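First comes the structure, then the notes that go with it.
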Number of protein chains: 2
Amino acid sequence: MPKIIDKDQKRRDILGAAVTVFSRKGTAAARIADIAAEAGIGKGTVYEYFSSKEEIFQACFGFFMDEINAVVLQRIYAVADPLEKFSAFFDAWISALSAPVMQSFMIMIEFWAEGIRRRGSDYGFDMAGMYSEYRLMIQNLLDDCVSSTAIPVIDTHSIAAGIIGAMDGIMLQWVLDPGAIDIEKALTALKQIVMAGLNTR
Amino acid sequence: MPKIIDKDQKRRDILGAAVTVFSRKGTAAARIADIAAEAGIGKGTVYEYFSSKEEIFQACFGFFMDEINAVVLQRIYAVADPLEKFSAFFDAWISALSAPVMQSFMIMIEFWAEGIRRRGSDYGFDMAGMYSEYRLMIQNLLDDCVSSTAIPVIDTHSIAAGIIGAMDGIMLQWVLDPGAIDIEKALTALKQIVMAGLNTR
DNA sequence: TATTTATGACCGACTGGTCGGTCGGTAAAA
DNA sequence: TTTTACCGACCGACCAGTCGGTCATAAATA
C-alpha cells in the first residue's frame, strides 16, 4: 500500500466515509472503527486527520451541504427569469434525487437533531443559519415572481418556509417508506401547486 | 414516600418522563438514571416496569402518538362537511401547538431516525405504517372535497404527502429556530393555500 | 549508484471511563 | 409473617482516544 501524499484528499475521503456511516447507523451508534473500515484505513489513522468524533461530525455538515449544493443550487444560477428559475429549482431537486449524495440523506436527520439540541450555542455548524439562508433565497425568488407578474402580495416568508418544509417532509416520508411514496410524482405535484399559485392573476 | 399501587399509572409516569428526557437529550445520550430522576424514582424501579431502554423507547412511540392524537385528531371528528373538516384539521394543529405534549416534539426526530434505520424489519413501532394511515386520512378528506365540489381531479395521494410533509417540515424549522419562524402564521399560510386550492372551480 | 539515515504516514493493542442492566436488601403494606 | 414496591451499589461489556512501533519514501552520504 503506497503512502498518500494529498492530505486534503484523504481528509475528504474520511469525511465521505463518515457521512456514509453516520447516515447508515446514526451518529451515536457509528463507531470510529466503522468509519476507518469504510475509508479502508486503520482506526489510528483517522485521528491523524481529525482530533475527535465530534470534529468529524461537525466537518461532515459542511462536506455534505457542499455536495448537495453542487448538484442542486448551481443549476438555477444559469436561469434569469424568476418564474423559470423557480421551475429550475424544483427540477434541480428532482433530478438530484438519483445523485450518489442522496444515498446519505438520512444524515440530515442527525444534523436536525444535533442542530436543535444545540440551538443558540456557538457550535461547529449552524443549521438554523443554513435554513435562514435557504428560506431567504426562496423568499427572494418568490418576491421576484410577485413583482414581475400580477400576483397579489403574499406572505412570502411563510410560503418559503412551507416550500422548504414540504420538500424536507416529502423526502422524509420517502426514505421512511420508499415503496409508499413516488418521490418524483410528489415533488412534481408540489412544483405544480407552487407554479400554479405563481401564475394566478 | 408511600408506595404506589396503580402500576399502569406509574408506567405512564415513567413513559412521560422518558419522552421528556429522550426529547431533550436524544435517545442515545439519554441515561436510564436521567429518566428515573425525571420521574422522581430510583433507577432500579424503572426496571420493575420496563425490561430495557429499548422497550421504554418503543413504548414512548405509542404513548406520544396517543397524546398528540388526543389533542389533534379528536377535534375533527365532530365536523361533517369535508371542506370544514379540512379547515378544522389545520385549526386543530395550530391550537395544539401550545399543548404541553408539543414541548417534546423533538422526540419525533428520534422516531424518524429509528423508524428509517429499521424500516422493513419487524419492530416495536411502525413509523411507516403511521404515516401511511395519516396520508390515507388526508387523502380521503381530499377525495371527499373533490367529489363534493367542482374541483378538478388531482393527485390526492401526492398532495396528502405534501401537506403532511409541509407540516412536519415547518415544525422542524420552528423548533430549529423558534425566533425565525412564526409558526402560527406559517401554518395559517399553508392552510390558506390548501383551502384556496380546494375552493377553485 | 549504492547505502544509510530521517521523516512522517499509518496502524491496532491497550486503557480509562461510561452506562445498561442486575441483585441483594429495606421497609411499607397486607 | 409474607409479600412486593422500591432502591442504588455493583459489574462487565463497550468504545473513544492514545501511544509505541512499523515501514515506505525521501534526503543525505559515500
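So you know, we letter chains A, B, ... as the sequences are listed, proteins then strands, and number each from 1. Every heavy atom of this structure was used, including side-chain atoms; hydrogens, water molecules and symmetry mates were not. Since we're looking at a predicted model, the values are computed, not measured.
Rounded to whole angstrom, the span from the CG atom of B:Asp13 across to the C1' atom of D:dA5 amounts to 14 Å. Taking atom CD1 of B:Ile14 as the reference point, atom C1' of D:dC6 lies 11 Å away to the nearest angstrom. When the P atom of C:dT26 is taken as reference, atom CD1 of B:Ile41 falls 21 Å away, rounded to whole Å. Distance, B:Glu55 CD to C:dG20 C1': 14 Å, rounded to whole Å. Atom CD1 of B:Ile35 is separated from atom P of D:dC7 by 15 Å (rounded to the nearest Å). For the pair A:Glu48 CD and D:dG21 P, the computed distance is 16 Å after rounding to whole Å.
Among the heavy atoms of the strands lying under 4.0 Å from A:Gly44 is at least one base atom, whether or not backbone atoms are also near.
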Residues 189-198 of chain B, side-chain donor-acceptor partners within the protein, below 3.5 Å, at least two apart:
residue	atom	partner	partner atom	Å
B:Lys191	NZ	B:Ser87	OG	3.1
B:Lys191	NZ	B:Asp91	OD1	2.9
B:Lys191	NZ	B:Asp91	OD2	3.4

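Taking only side-chain atoms of A:Lys7, from C-beta outward, the nucleotide of D:dA5, D:dC7, C:dA9 with the closest atom is C:dA9.
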What's touching nucleotides 10-16 of chain D from the protein side, N or O pairs under 3.5 Å?
residue	atom	partner	partner atom	Å
D:dC15	OP1	A:Arg31	NE	2.7
D:dC15	OP1	A:Arg31	NH2	3.2
D:dC15	O5'	A:Arg31	NE	3.3
D:dA16	OP1	A:Arg31	NH1	2.7
D:dA16	OP2	A:Ile32	N	3.3
D:dA16	N7	A:Lys43	NZ	3.1

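A close approach under 4.0 Å does occur between a side-chain nitrogen or oxygen of B:Thr45 and OP1 or OP2 of D:dC7. In this structure, B:Tyr49 reaches the D:dC6 phosphate: one of its side-chain N or O atoms is under 4.0 Å from OP1 or OP2.
A donor-acceptor pair is defined here as one N or O able to donate and one able to accept, closer than 3.5 Å; no such pair exists between the side chain of A:Arg119 and the backbone of A:Ala128. Between the B:Lys53 side chain and the B:Ala30 main chain, a donor and an acceptor come within less than 3.5 Å of each other. Listed for the A:Glu110 side chain is a donor-acceptor partner under 3.5 Å among the backbone atoms of A:Thr27.
Sorted by first and then second residue, the side-chain hydrogen bond (donor to acceptor under 3.5 Å, both in side chains) pairs with a member in residues 171-182 of chain B read A:Arg135-B:Gln173; sequence neighbours excluded.
For the pair B:Arg24 and B:Glu38, the salt-bridge criterion is met [side-chain N within less than 4.0 Å of a carboxylate O].
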